Amino acid sequence: YQTLYQAIAEHYGLPYIDLIECPPNTALMKAEHAAMYLQRGVLPWKMQQGQIIVVLTEITEENIAWSKKQFGNAIRFACTSPFDIRRAIE
């Protein structure tokens, strides 16, 4: 599964984040959004240089717009796998 999502990340010019090796900052997550994170494949990962890095499993306009609505415009994107998001939330 990682090979596929690494290829997707490369296609979009984004870094691939292995959430098992580099877990997210749970302070950025909202428990009430857990189901939505899973459904959309979107998760705030960490804060870096004043920006939230949001990991996505699918790079779509809809997911980007939803991320901006939830986390503001000071965000950057990275790619991960659905398995990693599920493990990070559980």
Side-chain angles (χ1 to χ4, degrees):
Y1 71 93
Q2 281 186 333
T3 305
L4 170 64
Y5 288 93
Q6 287 169 339
I8 292 170
E10 186 176 321
H11 174 76
Y12 285 100
L14 298 173
Y16 173 82
I17 307 298
D18 182 331
L19 297 180
I20 307 307
E21 289 184 18
C22 302
N25 177 348
T26 56
L28 297 174
M29 296 189 283
K30 295 181 180 177
E32 64 270 18
H33 290 167
M36 188 61 69
Y37 296 151
L38 288 170
Q39 178 184 352
R40 289 193 173 276
V42 174
L43 191 70
W45 179 51
K46 70 178 192 173
M47 181 74 80
Q48 190 174 63
Q49 299 174 340
Q51 294 181 312
I52 295 176
I53 300 173
V54 177
V55 292
L56 307 167
T57 60
E58 293 183 40
I59 317 307
T60 65
E61 291 296 322
E62 186 177 309
N63 281 341
I64 290 170
W66 185 85
S67 297
K68 288 180 178 181
K69 183 177 177 183
Q70 295 301 312
F71 310 115
N73 287 323
I75 58 176
R76 293 188 328 220
F77 295 101
C79 191
T80 195
S81 75
F83 173 78
D84 285 13
I85 286 185
R86 179 167 299 283
R87 286 285 307 264
I89 290 174
E90 294 174 347

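The model shown is predicted, which means the values in this text are computed figures rather than measured ones. Computed over heavy atoms, backbone and side chain alike; hydrogens, waters and symmetry mates excluded. For reference, positions follow the sequence shown, starting with 1.
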Got a donor-acceptor contact below 3.5 angstrom from the Tyr37 side chain to the Lys30 backbone? yes
Closest approach of Ala88 and Leu43, non-hydrogen atoms and distance? CB-CD2, 3.9 Å
Enter the distance from Ser81:OG to Leu56:CG here, rounded to the nearest 0.5 Å. 12.5 Å
Which residue pairs satisfy the ring pair (Phe, Tyr, Trp, His ring centres under 6.0 Å) criterion with at least one member in residues 66-90, sequence neighbours excluded? Tyr1-Phe83
Partners meeting side-chain contact (heavy atoms from CB on, under 4.5 Å) with Pro82 (sequence neighbours left out): Tyr5, Thr57
Which residue pairs pass the salt bridge (charged side-chain N to carboxylate O under 4.0 Å, His left out) test with at least one member in residues 63-74, sequence neighbours excluded? none
Considering non-hydrogen atoms only, spot the tightest contact between Leu14 and Cys79 and give its length. CB-N, 4.5 Å
Contacts of type side chain to side chain donor-acceptor pair (under 3.5 Å), residue Gln2, not counting sequence neighbours: Asp18
Glu62: partners by side chain to side chain donor-acceptor pair (under 3.5 Å), with sequence neighbours left out: Arg40
Which residues pass the side-chain contact (heavy atoms from CB on, under 4.5 Å) test with Leu38, sequence neighbours left out? Ile85, Arg86, Ile89
Go through the structure and list residues passing salt bridge (charged side-chain N to carboxylate O under 4.0 Å, His left out) with Glu61, not counting sequence neighbours. none
Atom NE2 of His33 and atom CD of Gln39: how far apart are they, to the nearest 0.5 Å? 12.0 Å
Would you please name every residue forming a side-chain contact (heavy atoms from CB on, under 4.5 Å) with Glu58, sequence neighbours left out? Thr60, Asn63
Hey, what do you get for CD (Glu21) to CG (Asp84), rounding to the nearest 0.5 Å? 9.0 Å
Once side chain to side chain donor-acceptor pair (under 3.5 Å) is applied, do any residues pair with Glu32, and if so which ones, sequence neighbours excluded? none
Nearest 0.5 angstrom please: Leu28 CG to Met47 CE, how far? 6.0 Å
Within residues 8-17 or reaching into it, pairs that qualify as salt bridge (charged side-chain N to carboxylate O under 4.0 Å, His left out) - sequence neighbours excluded: none
Kindly determine whether Arg87 and Leu19 satisfy side chain to side chain contact (heavy atoms under 4.5 Å, CB included), including the steps that lead there. CA-CA 8 Å; Arg87 286 285 307 264; Leu19 297 180; over 6 Å; no
Contacts of Ala78 meeting side-chain contact (heavy atoms from CB on, under 4.5 Å) (sequence neighbours excluded), chain-then-number -> Pro15, Ile17, Ile53, Val55
Rounded to the nearest 0.5 Å, what separation is found between the CZ atom of Arg76 and the CD atom of Gln48? 4.5 Å
Any residue meeting ring-ring contact (aromatic ring centres under 6.0 Å, His included) with Tyr12, in chain and number order, not counting sequence neighbours: none
